[in-house]
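For reference, the structure discussed in these notes is given below.
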Amino acid sequence: MDASEQPASAFSNVASQTTLLAQRYQFYLDQSTPFVFYRWVGLCTLLLIFMLRVVLSQGWYIICYSLAIYLLNLFLAFLQPKFDPSLEQDMKERESEEGIGGDLPTRQDEEFRPFIRRLPEFKFWHSATRATAIAFVCTWFSIFNVPVFWPILLIYFCILFTITMRRQIQHMVKYRYLPFDLGKMRYSRR
């Protein structure tokens, strides 16, 4: 009977240690939540160390490019609203054509619609930090050092960044939303 109980106890030990590590990790994440500035300084430091590793070793450009594409994707999700106004407008037009919508017309200027991000700031930071740490670990293994001509990757990323950001800014101007607090009116406490 001892032989049959041995694997179950080994599995339960591994499961309990994994649960303990996950709980400890979540505890430290919860503790870091109010320290927005320090979290981003830590991420920038990690990115700087990663970039120094790539530049000084003159390799792992494909890992750097993959990280840049992923960070661009995260940034775009951070800038976009959770509920896309273009989809809402299309849905309202479709309902009015079909005669489904019996709502009274309202002006958008009078409605208060808070900006809710598709990707919240904390999840953006957490995903970016995890991706940077994984990319940094990938630079320790030569199997990921694929020989590529890095200027092509850099030019392609710059073009991709320019096109996607121009499209995002046009979307922001068209539907009049600003994902940052810059230029928004602030009310003082009384």
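Residues: numbered from 1 along the sequence shown.
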### Message
Quick one, T19 and Q23 - any side-chain contact, counting heavy atoms below 4.5 Å?
### Response
yes
### Query
Would L47 and L71 satisfy side chain to side chain contact (heavy atoms under 4.5 Å, CB included), going step by step from the backbone distance to the final call?
CA-CA 11 Å; L47 276 169; L71 292 178; 4.1 Å; yes
### Task
Just do the side chain to side chain contact (heavy atoms under 4.5 Å, CB included) check on F157 and L72 with the steps written out, would you?
CA-CA 10 Å; F157 178 76; L72 177 63; 4.2 Å; yes
### Task
Please report the C-alpha distance between L29 and T33 in whole Å, then the side-chain angles of each, then the deciding distance to 0.1 Å, and finally whether the side chain to side chain contact (heavy atoms under 4.5 Å, CB included) criterion is met.
CA-CA 6 Å; L29 276 181; T33 302; 5.9 Å; no
### Message
I'd like to know if I62 and I155 are part of one continuous hydrophobic network [Ile/Leu/Val/Met/Phe/Trp/Tyr, side-chain heavy atoms within less than 4.5 Å].
### Response
no
### Query
Out of curiosity, L74 CG to L119 CG, how far, rounded to the nearest 0.5 Å?
6.0 Å
#### Entry: Any side-chain donor near an acceptor of the partner, Q26 and D30, under 3.5 Å
yes
### Query
Angle class for the Y65/Y156 ring planes (parallel below 30°, perpendicular above 60°, tilted otherwise)?
tilted
### Task
Treat each ILVMFWY residue as a node, draw an edge where side-chain heavy atoms are under 4.5 Å apart, and state whether L56 and V137 are in one component.
no
### Query
Has W150 got more than 12 heavy atoms of other residues, nucleotides or ligands less than 6.0 Å from its CH2?
no
### Query
Could you go step by step and tell me if W60 and V146 meet the side chain to side chain contact (heavy atoms under 4.5 Å, CB included) rule?
CA-CA 7 Å; W60 292 279; V146 179; over 6 Å; no
### Task
Any chance you could pull the hydrophobic cluster mates of F149, using side-chain heavy atoms under 4.5 angstrom and chaining through other members?
I152
### Message
Test of understanding: clusters of I, L, V, M, F, W, Y form through side-chain heavy atoms closer than 4.5 Å, transitively. Do V54 and F161 belong to the same one?
### Response
yes
#### Entry: Pair R39, S32: side-chain N/O donor-acceptor within cut-off below 3.5 Å
no
### Message
Can you classify the ring geometry of F136 versus W140 as parallel (below 30°), tilted (30 to 60°) or perpendicular (above 60°)?
### Response
perpendicular
### Query
With a 4.5 Å heavy-atom cut-off, do I69 and L160 have their side chains touching?
yes
### Message
If hydrophobic clusters are built by linking Ile, Leu, Val, Met, Phe, Trp and Tyr wherever their side-chain heavy atoms come under 4.5 Å apart, do M165 and Y70 end up in the same one?
### Response
yes
### Flag side-chain contact, heavy atom, 4.5 Å: R117 against K82
no
### Task
Could you tell me whether F122 atom CZ has more than 12 heavy atoms of other residues or ligands within 6.0 Å of it?
yes
### Task
Take the angle between the ring planes of F75 and F124 and call it parallel below 30°, perpendicular above 60°, tilted in between.
tilted
